[in-house]
Amino acid sequence: MQDLQNTNQANSSGAALNLFLPAMSKALITSFSKKLIAWHGLHGRAGLPWQNNLDPYAVWVSEIMLQQTQVATVLERYPRFMKRFPTVKQLAAASMDEVMAEWAGLGYYSRARNLHACAVQVVERFAGKFPNDPVLLEQLKGIGRSTAGAIAAFAFHVRAPILDANVKRVLARIFAIEDPIEEKAVNDRLWNLAGELLPSQAKDMPTYTQALMDFGATWCTSRGPVCLSNNHQCPFSKDCQANLSDQVLILPRKRIKAKSPEFNCDMLLMRSGNWVLLQKRPSKAIWGGLWSLPESSWSARAGARTNDLQSQELFALTLPDSLAPQSLKTTEPLKRGPQIKHVFTHRRLWMQIWELSVAKPIEWGDADLQWVSLRQLGQYGLPQPIKVLLQGLSLIRDGV
DNA sequence: AATGCGGGGGG
DNA sequence: CCCCCAGCATT
């Protein structure tokens, strides 16, 4: 830890790598952080609600929320979350459902589960105070190497690198790394570079780390980097090997991804007046831990859907015990509702809604199966498309 | 090394 | 329609 904070010996493999870098790269490595910090003074983003905050809890929440999630999205949700859970102890003391409800709509719900688990770990292991050592931070739930580096840098001024999508793109361009960045050897080299480029003074770490993110997010962007327009002069235009060799738009290179497969499923919208039946989803699957409509198993889109109304049987698997199909049969038949298309990063899903009204709520005796009033939906974490669907019902009911 | 995991922004 | 994003955990 002392190495990370006070010396340049933190990364011996990085030092070895240095021997093989061309002279121009060596000069750049010594000047990079100064140039970047100077750039930040003129063009960096300011006024983001999680900036200039030395509270490790506040830093940590922002870093988790920003994982794979753009600033514009987090901008609305972060203050709300911090108001709802102002301290790590309050977060640790909350129920999982309360955290999920606050996280709903942000996606990647394992982040919310890990967030809660991590809060408990911090309270139990560290008396409610986050450690400043990135090695210890990385041992906590949901904190990987990059997030650990960001927390250490922002909250504790520790000389630890980050390597997010912004940094990968910036480094792959400046050093013209042409192999796919998913490869382990490339990833290792990027981490080594990120370590080499750190400013020598620990006090500069928050500004430097912020500058790195800002530069990637606003100037060295994926599609429209400023070096390809005439509006600005990139501080690295004479250093950037991709710029000098006209490869900016093709770097970083990525492996070709398979096209996302398509699925169908059927969902049961059982209502009784203002009440709707919700089912809690298993924690490890998609929308894990959220409350959704009871759902049939998914089937590949190609294998044509059962489009007849024999579909009472569809839900026998997801509702508890044999009561399910019997109960459905003794009432009116299922009515075909809307078909909803929902696109994930790596899945496409068509949800066929089947509507059923019952005179009064059937009690299932299952904690994961609850009748919820349309007015109280806000207290439950719902998948975004289900939330939209049920809000529509709510509006119709209220005659808005 | 490969895969699973959301949702929204922007070209 | 497409790709991208303040990544991590699991296998």
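Each chain gets a letter, A, B and so on, in the order the sequences are listed, and its residues count up from 1. Bear in mind that the values here come from a model prediction, so they are computed numbers and not experimental data.
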Exercise for the section: Considering just the side-chain nitrogens and oxygens of A:Arg169, establish if one lies under 4.0 Å of OP1 or OP2 belonging to C:dC3. Expected result: no

Practice task
May I ask you to check whether A:Trp354 and A:Asp266 show a side-chain donor-acceptor distance below 3.5 Å?
Solution key: yes

Problem - Under 3.5 Å donor-acceptor pair, A:Arg255 side-chain atoms to B:dA1 base atoms - result: no

Practice task
Check the surroundings of atom NZ in A:Lys280: do more than 12 heavy atoms from other residues, nucleotides or ligands lie under 6.0 Å from it?
Solution key: yes

Exercise for the section: Report, as yes or no, whether the 6.0 Å neighbourhood of atom NZ on A:Lys35 holds more than 12 heavy atoms from other residues, nucleotides or ligands. Expected result: yes

Completion exercise
Of A:Gly144 and A:Pro252, the one whose closest nucleotide on DNA chain C sits nearer the 5' end is A:Pro252

Problem - Residues touching DNA chain B, which here means a heavy atom under 4.0 Å, drawn from residues 112-125 of chain A - result: none

Exercise for the section: Look at all strands and tell whether A:Trp60 reaches a base, only sugar-phosphate, or nothing, counting heavy atoms closer than 4.0 Å. Expected result: nothing

Practice task
Scan A:Glu138 against the nucleic acid and name what it touches under 4.0 Å (heavy atoms): base, sugar-phosphate only, or nothing.
Solution key: nothing

In whole Å, what is the span from the [atom1] atom of [X] to the [atom2] atom of [N]?
X        : N     : atom1 : atom2 : result
A:Ile256 : B:dA2 : CD1   : C1'   : 16 Å
A:Leu137 : C:dC8 : CG    : C1'   : 15 Å
A:Glu182 : B:dT3 : CD    : P     : 11 Å
A:Ile162 : C:dC5 : CD1   : P     : 13 Å
A:Ile181 : C:dC3 : CD1   : P     : 15 Å
A:Ile143 : C:dA9 : CD1   : P     : 9 Å

Handout entry: A:Arg281 to A:Trp291, cation-pi by 6.0 Å centre distance and 45° axis angle
Key = no

Exercise for the section: Counting heavy atoms from C-beta on, name the nucleotide in C:dA6, C:dC5, C:dC2 closest to the side chain of A:Asn166. Expected result: C:dA6

Practice task
Report the relative orientation of the aromatic rings in A:Phe81 and A:Trp103; use parallel for angles under 30°, tilted for 30 to 60°, perpendicular for over 60°.
Solution key: perpendicular

Completion exercise
Under a 4.0 Å heavy-atom criterion, the protein footprint on nucleotides 5-11 of chain B, written with B, S and -, is BBBBSBS

Handout entry: Separation between the P atoms of C:dA6 and B:dT3, rounded to whole Å
Key = 24 Å

Problem - Interatomic distance at P, B:dG6 relative to C:dT11, whole Å - result: 16 Å

Practice task
Write down the partner of C:dT11 under the Watson-Crick or G-U wobble criteria, each distance required to be under 3.5 Å.
Solution key: B:dA1

